[in-house]
Amino acid sequence: MPGIADSMRSKLETALSPIRLEIVDDSESHRGHGGYREGGESHFDMEIVSDAFNGVSRVARQRLVFDALKDELAGPVHALSLRCIAPIELD
Amino acid sequence: MTDAIQSQIKETVDTNDVVLFMKGTKHFPQCGFSSKVASVLSYLSVEFQDVNILESEEMRQGIKDFTNWPTTPQLYVKGEFVGGCDIVTEMTLSGELDTLLKEKGVTFDQEAANKVREANS
């Protein structure tokens, strides 16, 4: 069975065709806090650059991500820290 | 989704200028993300109502349904959903939060907001 990060990557690639997609498992820094699980894959940091974010509000961008990952968020994933960037906003 | 909890949430965001749905309370946050947003608001001297979603399972689920947003914290200003920790942080650093608070007529400490940006630039 593929890991949660891999499965989220594949769903985001399908939904958003990202130009850049970084997924970092940050679970270890939440050890002992709510939602932490041995083995990690509960807290993730993501940076996503996608044309899908062009002209879209911050809230709506995150909703696009949440919609793509609703199964993970309803289950094993406790927290996502998101940076959703439109290509035009890159330095 | 129970109607009672949805009405209760609606009333809370309609009758308080600024509401933070969070894990724990502003004085005793129980999650790093909630703590961060509460700290920003406090630092900016924004008066806000905190709602501890851990107090009941109904509220915990109810706020997710109300906003159609899967995570907490959730910040509301004048009945409007602003975002969670990432969005509030980004908006604080970009100055958009200042603009929003001004537009909505919510009092905050402009000097403190400038200081946050200086410290993070």
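From a predicted model like this one, the values you see are computed outputs, not experimental measurements. Residue numbering restarts at 1 for every chain, and letters A, B, ... go by the order of the sequence lines.
- Within a 6.0 Å radius of CZ in B:R60, other residues, nucleotides and ligands contribute 12 heavy atoms or fewer.
- There is no contact between B:K64 and chain A, counting heavy-atom distances below 4.5 Å.
- Cluster annotation: A:M8 and A:F66 are assigned to the same hydrophobic cluster (Ile/Leu/Val/Met/Phe/Trp/Tyr, side-chain heavy-atom contacts under 4.5 Å, transitive).
- More than 12 non-hydrogen atoms from other residues, nucleotides or ligands lie less than 6.0 angstrom from CG of A:L90.
- Between A:R83 atom CZ and B:T89 atom OG1 the span is 11.5 Å, to the nearest 0.5 Å.
- The CD atom of A:Q62 sits 4.0 Å away from the CH2 atom of B:W69 when rounded to the nearest 0.5 Å.
- Under a hydrophobic clustering in which Ile, Leu, Val, Met, Phe, Trp and Tyr are joined whenever their side-chain heavy atoms come within less than 4.5 Å, directly or via other members, B:I87 and A:V49 fall into different clusters.
- Looking at A:L82, the atoms closer than 4.5 Å to chain B (heavy atoms on both sides) sit in the backbone and in the side chain alike.
- Summarising the local packing, CD of B:E47 is surrounded by 12 or fewer heavy atoms from other residues, nucleotides or ligands at distances under 6.0 Å.
- Note that OG1 of B:T71 and NE2 of A:H78 are 9.5 Å apart. Values are rounded to the nearest 0.5 Å.
- Connection of A:L21 to A:V65 is established within a shared hydrophobic cluster, with ILVMFWY side chains joined at heavy-atom distances below 4.5 Å, either directly or through further cluster members.
- Of all residues in residues 76-86 of chain B, those placing a non-hydrogen atom less than 4.5 angstrom from a non-hydrogen atom of chain A are B:F81, B:V82, B:G83, B:D86.
- Interface remark: A:L69 contributes no atoms to any contact with chain B (heavy atom separation under 4.5 Å).
- A:E89 CD: more than 12 foreign heavy atoms inside a 6.0 Å radius.
- Other residues, nucleotides and ligands contribute at most 12 non-hydrogen atoms within 6.0 Å of the NZ atom of B:K10.
- Residues A:V59 and B:L93 fall within the same hydrophobic cluster, defined by Ile, Leu, Val, Met, Phe, Trp and Tyr side chains chained together at heavy-atom separations under 4.5 Å.
- One finds the OG atom of B:S94 at 5.0 Å from the CZ atom of A:R58 (value rounded to the nearest 0.5 Å).
- Transitive grouping of hydrophobic side chains (ILVMFWY, heavy atoms separated by less than 4.5 Å) brings A:I23 and A:L80 into a common cluster.
- B:F33 and A:H43 have parallel rings, their planes meeting at less than 30° on a 0 to 90° scale where 60° marks the start of perpendicular.
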